[in-house]
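Worksheet for the structure shown next.
Hydrogens, waters and symmetry mates play no part in the numbers below; they use all other heavy atoms, side chains included. Quick note on labels: first sequence line is chain A, next is B, and so on, each numbered from 1.
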Number of protein chains: 2
Amino acid sequence: MRSNSVQTGSNPTFTESARRTQIMQCAIEVLAESGYSGASLAEIARRAGISKSVVLYYFSGKDDLLSSVVFDVYGRAGQAIAEALSHETSPGEKIAAYVRTNLHFLEEHSAEIRAVVEIVSNARGADGTHSFVPQGEDPVLAHLEKLLREGQRSGDFRNFDAHYLAIIIRSAIDTASGRLVVDPSFDLAAYTRELLSVVELATGTHRTEDSS
Amino acid sequence: MRSNSVQTGSNPTFTESARRTQIMQCAIEVLAESGYSGASLAEIARRAGISKSVVLYYFSGKDDLLSSVVFDVYGRAGQAIAEALSHETSPGEKIAAYVRTNLHFLEEHSAEIRAVVEIVSNARGADGTHSFVPQGEDPVLAHLEKLLREGQRSGDFRNFDAHYLAIIIRSAIDTASGRLVVDPSFDLAAYTRELLSVVELATGTHRTEDSS
DNA sequence: ACACTGTTTGACCGCATGGTCTAATCGTAG
DNA sequence: CTACGATTAGACCATGCGGTCAAACAGTGT
């Protein structure tokens, strides 16, 4: 009889999927407002107006809940970005769309992103190592890096180190979620404008010949 | 008789200052390796080979220990940066020295910086708000912003939004500590080179006239 | 020998955590 | 009505946390 805890059966009940999304949503709110250490099962349950046991009925444990949140948000963000990039053709436009879409998603889903950041940067396994920070290749970074390299191969971009420029651009994107939550005067539109112009200058879009 | 807990008397004993720095050093190591939630008083004491009570004898509580670490590292970093900037004159050189010194300090004190980041981004008061993230004006950001504005006033820099460019540059600096600890192939020298060239392009150093 | 201060220990406390378990509830099919 | 699976609440547990406390130890001046 392993029919006790639900663990994502093939045909989820209406109650099941509703509860799962509700619990995940509450977890996101608590994580965004109170941080990782404030996001206890009891607090999440209290927020949802349910008993702590219900959370553990639909998720096999806290790890399961948190990784579900990460994968859910992560997936939706990736989808939005992929969709936006498919409309662009030139490397310069692709990079610009990448930055714009990332920050736009952030604007509409700041709590989700904040929650994911909180989880990714704090969740650790029993051995003490990060649970979500990729060990070797970071696919997110690799994707951006690929876009940069394509622009270099086509001659649209100047000769920079694609790997490290990708890290710089990602850091500028990732820092925005923290600003949004802590600084009410933070103007995401202005930030997007500034970052876009920095990226354009850094990639050297429209430049083909070497001046020196 | 308030002579019980030490609380930084005017003339600290040899043992006292030695113990305080030892405990702070161990706290830094634990924070850098095991993260904020792994840095319990018991673990820090175990690492130092002393009893948990000793930690609480020299520090009035965990908050006191952590803020001591923050102020200590913060102060030494600020001093190193101020010293380096005093040697430069032109805005472009100052910004470059700022970036270079920040990343250089990071290279030699990666555990300290990692520990401070861990504390600053996780420590929260009883009300749930961050304890160390400045509410209104961030002095670190304001300093960099001032350097950028000076370059604009002197005509060395182009017309960017100093506030948001400062945030972008800081984010590129702050992200490096995380990379250093998680990615062994991260080449700080190459990263510094790339960031310096990005900053140079973004500020538009050596540019005086508007082309359009 | 004594007292005094600085230092250290280990037992202990109250509390919050993630998680388990049992029993009750609800809706529906027979 | 009954039976059954899905769902929920609440009592409970072991563990680890930050912090307190009384007692012991070490050195030093008298």
Whole-Å distance between dT22(C) C1' and Leu56(A) CG? 15 Å

Given Tyr58(B), which of Leu56(B), Val55(B), Val54(B) fulfils the side-chain contact (heavy atoms from CB on, under 4.5 Å) condition? Val54(B)

I'd like to know if Arg153(B) and Glu150(B) make a salt bridge, using a cut-off of under 4.0 Å between side-chain N and carboxylate O. no

Please give, in whole Å, the distance from dT7(C) P to Gln22(B) CD? 13 Å

Rounded to the nearest angstrom, tell me the gap between atom CZ in Phe59(A) and atom C1' in dT7(D). 15 Å

So, is Ser40(B) near the phosphate of dC17(D), with a side-chain N or O under 4.0 Å from OP1 or OP2? yes

Rounded interatomic separation in angstrom, taking CD from Glu43(A) and C1' from dG19(C): 18 Å

Does dT8(C) have its OP1 or OP2 closer than 4.0 Å to a side-chain nitrogen or oxygen of Arg19(B)? yes

Should we count NE2 of His130(B) as having more than 12 external heavy atoms under 6.0 Å? yes

Between dA9(D), dT7(C), dG19(C), which nucleotide has the shortest distance from any of its atoms to the side chain of Ser51(A)? dA9(D)

Crowded around His109(A) NE2? As in, over 12 foreign heavy atoms under 6.0 Å? yes

To the nearest angstrom, how far is Ile50(B) atom CD1 from dT8(C) atom C1'? 9 Å

Is there, by distance only and without an angle test, a donor paired with an acceptor across the side chain of Lys52(A) and the base of dG19(C) below 3.5 Å? yes

Separation of atom NZ in Lys62(A) from atom P in dG19(C), rounded to whole Å: 8 Å

Side-chain N,O (Tyr57(A)) to OP1/OP2 (dT7(D)) below 4.0 Å: yes

Separation of atom CG in Leu65(B) from atom P in dG19(D), rounded to whole Å: 10 Å

Any N or O donor-acceptor pair linking the side chain of Ser53(B) to the base of dG19(D) at under 3.5 Å? no

Distance check: side-chain N/O of Tyr58(A) vs OP1/OP2 of dA6(D), anything under 4.0 Å? no

Are Glu33(A) and Arg47(A) close enough for a salt bridge, meaning some N to O gap below 4.0 Å? yes

Distance check needed: dG18(C) P versus Asn122(A) CG, whole Å only. 13 Å

